[in-house]
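Proteins come first, then strands; the chains are lettered A, B, ... in the order of their sequence lines, and each starts at number 1. In what follows, every heavy atom counts, from backbone to side chain, and hydrogens, waters and symmetry copies are set aside.
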Amino acid sequence: MATLRTPNGFDLDTSGKRVVVDPVTRIEGHMRCEVNVDEDNIIRNAVSTGTMWRGLEVILKGRDPRDAWAFTQRICGVCTGTHALTSVRAVEDALGIDIPENANSIRNIMQLSLQVHDHLVHFYHLHALDWVNPVNALKADPKATSALQQQVSPRHAKSSPGYFRDIQNRLKKFVESGQLGPFKNGYWTNPAYLLPPEADLMAVTHYLEALDFQKEIMTTRTIFGGKDTHPNWLVGGVPCAINIDGDQAVGAPITMDRLNYVSSIIDRSIEFIENVYIPDLIAIAGFYKSWLYGGGLSSQSLMSYGDIPDRANDYSPENLMMPRGAIVDGKLTEIHEIDLRDPDQIQEFVPHSWYAYADEAKGLHPWDGVTEPNYALGDNLIGTSTNIVNIDENAKYSWIKAPRWRGHAMEVGPLARYVIGYMQGHEEIKDQVDRTLSALDVPIDALFSTLGRTAARGLEAQWAAQKQRYFMDKMIANIKAGDSTTANTEKFDPSTWPTEVKGVGFTEAPRGALAHWIKIKDTRIDNYQCVVPTTWNGSPRDNDGNIGAFEASLLNTKVERADEPVEILRTLHSFDPCLACSTH
Amino acid sequence: MTIDATGQEVPETSETLDHGTASHKEEAVYIYEAPVRIWHWVNALCILVLGITGYFIGSPPPSIGGEASSSFLFGWIRYLHFAAGYILTVAFLFRIYWAFVGNKHAKQIFLPPVWRGSFWRELFHEVEWYAMIVREPLKYAGHNPLATLVMHVLFVWCIVFMILTGFALYGEGTGMGSWQYEMFSSWIIPLFGQSQDVHTWHHLGLWVIVCFVIIHVYAAVREDIMSRQSIMSSMFSGWRTFRDDKPVADE
Amino acid sequence: MHETFYDVMRRQGITRRSFLKFCSLTAAALGLGPSFAPKIAEAMETKPRIPVLWLHGLECTCCSESFIRSAHPLAKDVILSMISLDYDDTIMAAAGHQAEAIIQETIDKYDGNYLLACEGNPPLNQEGMSCIIAGKPYLEQLQHAAAHCKAIISWGSCASWGCVQAARPNPTQAVPIHKAPGMPNNKPIIKVPGCPPIAEVMTAVITYLVTFDRFPELDRQGRPKMFYSQRIHDKCYRRPHFDAGQFVESFDDEGARKGYCLYKVGCKGPTTYNACSTVRWNGGLSFPIQSGHPCFGCSEDGFWDKGGFYDRLTDIKGFGVESNADKIGGAAALVVGAAAATHAAASAVKRARHKGGDE
Ligand code: HEM
Ligand code: HEM
Ligand code: NFV
Ligand code: SF4
Ligand code: SF4
Ligand code: F3S
Ligand SMILES: [Mg+2]
């Protein structure tokens, strides 16, 4: 078959050998990927399928809008909180509710701690095994590892040869026991792994350290939201009242000792990111910097809604600390403003998704969005409807809808934010990116790659950890000035609401731009639609044949062994796919 | 032969009377023995307390200030509810016992003779009387069939329901291992789904009883005025007196 | 040679002293007396790791996320030393057919001797294909793994009850594990509900199984009594305010700042069986109520469908409408009252006419 050029400029060729990866593991949720590789083991066609759907948008209909945050938070337990925040913002937008400054600071701290936690866990526990070979770590010399550690991160305390020897011994016993647990059936002999044993041992050690430490990062959300995962939120503010030195303060959710706790967690998070995550990232990237696959849409079409409002209730780009804007057609310097209310900008299409629209030639703006399941497969399917061997991407093939911005498939996520921020001259971002590029001695183009995505995530974790401190200080200053308000309950009672309103809320979730659109009628949810980061990145094709970010990023990648999908995992993981999110 | 509370022998009317044919002057009939009367008023009082405290358990009065230890308002509301619940339950068990040992009227609300055609015919007649289609109700010493059925369904079963669900909720407080939990909560809660559902249905039971009381008190007052026998005073004295000498349907 | 938990801890530089301390902490977390600590120590010193297949159906992965937040014991130590987590698609290195092969390999090697941990649940609608694993319905993977396991753990409210995807109208017809069709009926199931369950409760359940080699005592609904035999309300630190009648009337009011009881803003602590008010969350740091939000009953069956989270009186669904007991009952009482009044008036008129006519 001749190659087919997609409108967004990618060549697809389905003639080669079809390789199936199902399940794609070390992601959240369920996903399938099929690629065609040519005789040179180069990927020429990629098909990504969202393989789960729960129907949250259907379930939300008719419910109390004030409860929607809890339902939508259950869209995902990994990016937990970001949907809840998006949801309360959508309801507040619809009802015209302003939240207090303290609530804004607390929400921002919670959101930032999510960025830090999610990125860290992704890097070490979901992504690292694409680059790091734990079995190879057994060959390492603990002394050399110690030297490497001290070289890449002189300030990290745990760096003695004895420490690494202990870990190595533990690992050795683990491997020798024959019970490899999560490392079982990995691709440990694949030449795609490039790290020397010392770097492998250092990384595996930090895999364990990070597993221990990650549980500390999110305790800020436990203090403010009562538990993690799935902390509690509130339309109109936050549920945690502040009582610093008033009557009976000791029973209050937020007291001086609690603020101290949060403060110390913030400091420790900053420290861990600076001393462990960033040095590891640079060190590992250093060994792989010639592996420049995976760019996909990242140099073409990128989008970020922006987030982290400095002052409460102002969602204009100037007040958002995370960048906002859209880039299309590879014109990196031309940044477009986004209007989530404009029916012509964001639309979702379903010709290749397992949903039915009355007219599938058209896209729908989320306020008019429809979610009606329709599991159907194409004529060229190999297998049966309950035993798919090869999927037919010319027909419906995914539970993910295909959202488009002005008709463009967009990449969202940390890399999109960092490219947009860099192009806008966002000082902190520019500084971080430039330092990283020079540390690795690579040109700016290196950003548009699998590794670029992974690096941007790490830098963002670093930025987010520090910004928590900013909002902590801001809140303390505000309390000092006599304002300890945390909620505005003026319009909490549904009897105060107009009969028909609609709103939209957005955040920058760890994986990218997220928004919820709500319509409220007679105090109940009339329509609720979510367009989620992984819906953007993992989207199937649209009516015109544009491919989404996942599929684009896999094209032209060389795989070492067609039946061992390390490279496919590597690039897909660089997006940190969340399938429960994508289909919801 | 029945003995009333004062120990006097009470004359009973013949069971063989074919109502509607013969005509003879009725004497007063002793129907509600003292235990039934006492039970009735204790029960009514318990229900009043349970209804009010139960309502407040669902929708507590405005919050009060001060130290937590200086007040036990909500604790008292709940305590009263539980105390009244226990009394109601014990009284109800006693009332069941009395259905066995008391006079035949004491059995009526527990055993409406639904298997008898005449019961339904007379019930229909009573409905017509309430619908103001027939000019006169039949005359009864005990409850008329309609009253019997309403009391059986809306009162007896509802109280059984309230006791079961009430103790299921109570057992949650006394905890696993307590007899309340083992006898009630352990199977009733899963039966309803979860604890919150038991609350909801128990709460709904309050309103069934409120409806019953409205109907009951209205009917009692109305019958007192419009029917052919004494009603209200009977629940104080135990005696049923009649305003005419037409035959009694249930004697 | 199988490596034991103790070996691993020792090699990590942990002294015997702190190992024993760990054991007594574990004993305390399990609600056991200090005399159990040596038993736990012994088990950990001698037992090989039990294989675990951790399957994911329709879910949000937050049970796994909760699990890795365990403080005592650390998730790391559970995974490396107590169990052998042979399949868990969220963290396993292998993917695709290499991942799927592990299920069969485990069955072949450990038939009847591995634990099946289920997070999420299978859908029955859409031919079961609203959750696809390896091109087939997740239900098939679940049935196969269940048929050969030793016992099943249902993690979280999804696996235990159905949870959010099973909330009305349950578009995928998701069913909890024990109600999934084609499941073996001879495998014990332990439910650990919660959305998500508390991390330390999850690891304590595993520790208990590993240590005592048996199931903890379960209640009628299959939940371990040690964590689910009491309501949040029974040991809530705000309980004195409940008894006193001191309530938060609206968020951030004076009562909220004083830590009053959240009953009137909808707290379901009185109807929720879970350990939040005792074990608390994230190493005992807080729990929803302590941070000012009412409990909404996330460990209870069908908690999504009981009406608004901020309403004390929850909904009854029927006759196509939703309403609470007071609204339904109040309306009924009003109708009955009005009917009685009308009837009384009609009776009076009739009586008056009658008298007139008769005389
Ligand atoms: C909570 C309130 C009340 C409840 C639950 C209640 C319940 C009952 C029950 C179950 C009976 C049947 C007794 C039997 O045969 O065992 C009964 C009879 C009776 N009640 Fe009540 N009662 C209540 C209040 C009242 C009040 C306030 C009055 C007076 C106005 C009253 C007057 C009567 C009378 C007169 C009878 C006898 C009816 C007849 O002969 O057909 N009740 N009540
Ligand atoms: C006529 C009989 C009764 C009525 C009308 C009644 C009414 C009520 C009502 C309206 C509630 C509030 C339910 C809610 O919204 O959560 C309640 C709660 C309760 N009732 Fe009853 N009830 C009755 C009998 C009983 C009995 C016999 C018991 C047994 C001891 C009982 C025990 C309870 C308990 C334990 C609660 C829950 C208290 C709490 O959650 O704090 N009730 N009742
Ligand atoms: N995609 C996605 Fe999420 C994120 N980040 C949500 O909005 O992961 Ni679960
Ligand atoms: S039980 Fe709740 S927390 Fe756990 S997977 Fe299900 S939705 Fe997520
Ligand atoms: S806050 Fe909730 S759990 Fe605590 S005492 Fe009040 S009602 Fe009970
Ligand atoms: S909402 Fe869930 S986390 Fe605990 S306090 Fe209630 S059971
Ligand atoms: Mg959607």
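The closest side-chain donor-acceptor pair between C:Glu127 and A:Thr386, if any, does not fall under 3.5 angstrom. A:Thr219 and C:Asn282 share no donor-acceptor pair across their side chains, judged by distance under 3.5 Å alone. Defined by atom type and a distance below 3.5 Å, a donor-acceptor pair is missing between the side-chain atoms of C:Asp89 and A:Thr25. Judged purely by distance below 3.5 Å, without hydrogens or angles, the side chains of A:Arg170 and C:Ser81 pair a donor atom with an acceptor atom.
Between C:Glu59 and A:Arg54 there is no salt bridge, since no side-chain N of the basic residue sits under 4.0 Å from a carboxylate O of the acidic one. Salt bridge present: C:Asp305 and A:Arg63 bring a charged side-chain N and a carboxylate O closer than 4.0 Å.
Contact count against chain A (heavy-atom pairs under 4.5 Å) is highest for C:Glu105 among C:Arg280, C:Glu254, C:Glu105. Counting heavy-atom pairs closer than 4.5 Å to chain A, the top-ranked of the candidates C:Met129, C:Gln126, C:His97 is C:Met129. For the set A:Asn387, A:Asp64, A:Val21, the count of heavy-atom pairs under 4.5 angstrom toward chain C peaks at A:Asn387.
Checking side-chain atoms of C:Thr172 against main-chain N and O of A:Trp53 turns up no donor-acceptor pair under 3.5 Å. Proximity of a side-chain donor or acceptor of A:Thr229 to a complementary backbone N or O of C:Glu65 within less than 3.5 Å is not detected. A distance-only check finds a donor-acceptor pair linking the side chain of A:Gln179 to the backbone of C:Arg49 [under 3.5 Å].
Scored by the salt bridge (charged side-chain N to carboxylate O under 4.0 Å, His left out) test, C:Glu249 finds C:Lys264 as partners (sequence neighbours excluded). The salt bridge (charged side-chain N to carboxylate O under 4.0 Å, His left out) search around C:Asp253 returns none, not counting sequence neighbours.
Between C:His293 and the options A:Trp69, A:Phe224, A:Trp233, a ring-ring contact (aromatic ring centres under 6.0 Å, His included) holds for only A:Trp69.
A perpendicular orientation is assigned to the rings of A:His30 and C:His56, their planes being inclined by more than 60° (bins at 30° and 60°). Note on ring orientation: taking the six-membered ring where Trp is involved, the planes of A:Phe71 and C:Trp304 are tilted (angle from 30° to 60°).
In this structure, the separation between CG on C:Asp252 and CG on A:Asn488 is 9.5 Å, given to the nearest 0.5 Å.
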